[in-house]
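First comes the structure, then the notes that go with it.
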Number of protein chains: 2
Amino acid sequence: MRVRLRDLAEGLGLSVMAVSKALHDAPDIGAATKARVRAEAEKRGYWPNQAARSLRSKQSGLIGLLVPDLASEEAAGIAGGLLRAGEAARISVMVAASGEKKGGEAAQVKAMMGRGSEAIFILPKITTEHRSLALEAVMQAGLPVIFFQRYPADVSPGRARVSWVVRDMAHAAQLVLDHVWKQGHRSVAYLGGHPAERSHAEHCKAVREGAAQMGMELVGEATMAGLTPEDGEREMERILQGKSQPTAVICGNDAVASGAARAVLQAGLHLPGDLSIVGLGDGELARHGPVALTTVAFGNLGKAGFELWMASRDGGEMKPRTVGCELIDRGSTAEAGGGGKPSPTPSR
Amino acid sequence: MRVRLRDLAEGLGLSVMAVSKALHDAPDIGAATKARVRAEAEKRGYWPNQAARSLRSKQSGLIGLLVPDLASEEAAGIAGGLLRAGEAARISVMVAASGEKKGGEAAQVKAMMGRGSEAIFILPKITTEHRSLALEAVMQAGLPVIFFQRYPADVSPGRARVSWVVRDMAHAAQLVLDHVWKQGHRSVAYLGGHPAERSHAEHCKAVREGAAQMGMELVGEATMAGLTPEDGEREMERILQGKSQPTAVICGNDAVASGAARAVLQAGLHLPGDLSIVGLGDGELARHGPVALTTVAFGNLGKAGFELWMASRDGGEMKPRTVGCELIDRGSTAEAGGGGKPSPTPSR
DNA sequence: CTGTTAGCGCTTTCAA
DNA sequence: TTGAAAGCGCTAACAG
């Protein structure tokens with residue numbers, strides 16, 4: 001933080017204002033002057049003091065993102081998308097992890113507001129009630145809030161500048177059901193409904209209803225507390241020991257699918273020859289794991305959230321968005337009853 | 001951004017200064033006054049305007065982190081550690097992804113400096129030359145720079161407020177070699193030396209020298225451009241088709257190990273009965289993939305980097321750090337020549 | 001087309 | 001133990 005507008009102005013024999021305007025490409029400054037100013041700024045390595053700028057203009061060019069923990073792929077993906085979208089619009093992103101602590105969220109959000117965040121993006125914890133002191137404060141301050149994936153039940157969008165971006169879970173379920181149906185599967189298991197998570201509950205429901213409609217039998221259905229690989233492994237083992245065996249297993253996310261695949265391999269069975277598995281989310285585990293998983297890829301939530309905010313920036317309304325999805329076939333599913341031969345696993 | 005010090009002061013019949021000092025717990029304000037001020041601040045929901053504060057005091061309480069892309073597990077892990085460490089010290093973190101664009105880095109770093117970052121943390125791209133206009137600018141401004149994992153060859157630490165945090169790759173190699181040696185492996189392959197990456201080159205070298213010293217044969221050694229699962233899969237296939245077969249495969253990271261495991265499964269072999277595989281990094285793929293991988297877990301670089309900076313904050317020198325590691329045995333290795341029976345894969 | 005004035009909310013410095 | 005004055009670097013509003 002060294003060269004100031006004043007330094008440039010003195011060096012050029014201009015006023016501070018003229019320099020400021022020139023750098024902002026204001027219409028009332030001559031082209032020649034602008035060129036001179038820009039050259040000098042470049043030469044002396046000027047860059048603006050944002051603290052001063054936002055103090056004066058109330059425009060910080062900063063947004064805040066609050067996630068439970070960056071280590072999760074969900075959070076990293078959202079953050080990445082938001083960062084990329086932000087950069088294109090010259091918006092900086094402050095990231096905070098709310099972690100386990102209860103009061104954490106409020107303090108983090110206050111820090112963001114203190115720095116002049118123009119909007120707050122939140123990926124709520126699954127276990128949270130989504131409604132905190134922090135949120136009250138933000139909304140009272142009139143700041144836009146965009147939720148990812150989960151959102152408070154008692155807030156209506158539009159009013160109060162609150163909105164959200166979710167995944168099209170019903171469509172995802174339909175894609176998966178169509179896929180396994182076409183391969184001749186008539187008896188499937190579902191692993192992964194999460195009782196406290198709207199989107200997973202929705203997926204579960206869509207699979208259940210879709211299967212019924214198509215005349216597919218749902219021989220195993222597990223609701224689980226965590227959607228971790230361990231949960232998937234445990235439930236898969238349970239199914240393998242049951243009497244009526246499915247020919248395909250639909251999972252609530254890639255982690256569960258990965259755990260299920262682990263159980264299948266442990267049992268000495270072949271994938272996908274003996275059993276087909278479908279994941280959800282197209283994460284690292286599906287793409288790069290020892291078993292490439294057929295899964296459903298979603299559009300980036302972070303990017304969609306940013307666009308939603310940008311579109312509302314000049315007073316527009318904040319209409320919630322749903323990001324679409326597509327099925328990615330990596331060969332962890334095969335024709336039903338296709339025998340023990342594993343099909344080759346393509347790398348993409 | 002609404003309640004100001006002035007509002008509190010007027011409400012309490014005090015001066016702005018008294019309120020400011022009280023909130024900072026200055027020694028020259030009475031206990032009773034402090035209590036009153038704090039209660040009022042709490043009640044009215046005051047939080048400081050950081051822009052104003054840092055404009056005046058030159059202390060922003062903000063640091064910047066520049067990564068190639070948050071979606072990588074490496075970056076997400078570092079970012080998460082930095083965030084957590086920062087939060088404990090009430091330091092906010094601005095994150096930017098430098099992406100593919102060339103000029104990107106410089107602009108991002110300028111944005112960070114413009115916001116008053118007190119330090120810049122950089123995870124360089126593997127392909128970068130680590131030395132950019134951005135770095136010049138930062139160092140000229142006298143800001144501390146901490147590199148993760150990779151760093152410019154031509155900068156000496158201490159001078160110029162530059163330092164770095166790296167992983168103890170030599171120790172990691174030793175841990176892995178000891179582990180497979182104890183299981184009776186005498187013929188191993190190494191997949192994963194990266195020509196442009198100091199730490200991977202170091203790991204490769206340590207494995208090579210260690211193996212020689214212990215009298216282990218290195219029957220396959222692959223240097224690869226990307227350290228991706230695809231690279232691992234390809235090289236593993238090559239090895240499986242070769243004449244002299246190793247009994248264990250040591251990989252340069254978990255992604256490569258995962259790809260290698262994929263090739264092994266594709267070939268219809270058993271893991272770890274027919275072949276042992278060791279990863280490096282203890283990432284998602286090793287922990288939660290369909291095949292749980294024995295690997296080496298490192299301490300968090302982000303946390304270590306933050307501590308390095310904090311320790312140097314009052315003029316201390318910035319001594320580079322090395323984070324330690326430990327072997328995590330998840331059962332993807334077994335006694336050499338142990339026959340085809342897969343050992344159960346523990347979930348931890 | 002360019003310059004002047006004022007002030008954003010806070011803290012440093014010094015006086016009461 | 002408290003307060004007044006000044007100013008951080010920038011830009012909105014208005015004059016020239």
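- Between the side chain of A/Ser312 and the backbone N or O of A/Glu317 there is no donor-acceptor pair closer than 3.5 Å.
- For the segment residues 35-45 of chain B, the set of residues with a heavy atom within less than 4.0 Å of an atom of DNA chain C is empty.
- The main-chain N or O of B/Arg53 is found under 3.5 Å from a side-chain atom of B/Ser57 such that the two form a donor-acceptor pair.
- With hydrogens and angles disregarded, a donor-acceptor distance shorter than 3.5 Å links the side chain of A/Arg198 to the backbone of A/Gln149.
- If you run side chain to side chain donor-acceptor pair (under 3.5 Å) between A/Glu118 and each of A/Lys58, A/Arg313, A/Gln59, only A/Arg313 comes through.
- For the pair A/Arg4 CZ and D/dC8 P, the computed distance is 7 Å after rounding to whole Å.
- Listed nucleotides: C/dC10, D/dC10, D/dA12. Nearest to the side chain of B/Asn49: C/dC10.
- Distance CD (A/Gln50) to P (D/dC8): 19 Å, rounded to an integer number of Å.
- In this structure, A/Asp25 places its CG atom 16 Å from C1' of C/dT2, rounding to the nearest Å.
- If you measure from atom NZ of A/Lys58 to atom P of D/dC10, you get 17 Å, rounded to the nearest angstrom.
- Surrounding CZ of B/Arg6 are at most 12 heavy atoms belonging to other residues, nucleotides or ligands under 6.0 Å away.
- A distance-only check finds a donor-acceptor pair linking the side chain of A/Asn300 to the backbone of A/Gly77 [under 3.5 Å].
- Taking atom CD of B/Gln59 as the reference point, atom C1' of C/dT12 lies 12 Å away to the nearest angstrom.
- Between the side chain of A/Lys110 and the main chain of B/Gly45, no donor-acceptor pair closer than 3.5 Å is present.
- For the pair B/Leu55 CG and C/dT12 P, the interatomic distance rounds to 12 Å; values are reported in whole Å.
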Tabulate atom names and distances for all N/O pairs under 3.5 angstrom spanning the protein and nucleotides 2-6 of chain D.
residue, atom, partner, partner atom, Å
D/dT2, OP1, B/Thr33, OG1, 3.1
D/dT2, OP2, B/Gly30, N, 2.8
D/dG3, OP2, B/Ser15, N, 3.2
D/dG3, OP2, B/Ser15, OG, 3.1
D/dG3, O6, B/Lys21, NZ, 2.6

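- Across the protein-nucleic acid pair, A/Arg6 atom CZ and D/dC10 atom C1' stand 12 Å apart, rounded to whole Å.
- Remark: the backbone N or O of B/Leu12 is paired with a side-chain donor or acceptor of B/Arg36 at under 3.5 angstrom.
- Within the 4.0 Å cut-off from OP1 or OP2 of C/dC10, at least one side-chain nitrogen or oxygen of B/Tyr46 is found.
- At whole-Å resolution of the value, CG in B/Leu23 and C1' in C/dT11 are 13 Å apart.
- For A/Ser20 and D/dC10, the shortest distance from a side-chain N or O to OP1 or OP2 is not below 4.0 Å.
- With hydrogens and angles ignored, the 3.5 Å screen pairs a side-chain donor or acceptor of A/Ser98 with a backbone N or O of A/Val67.
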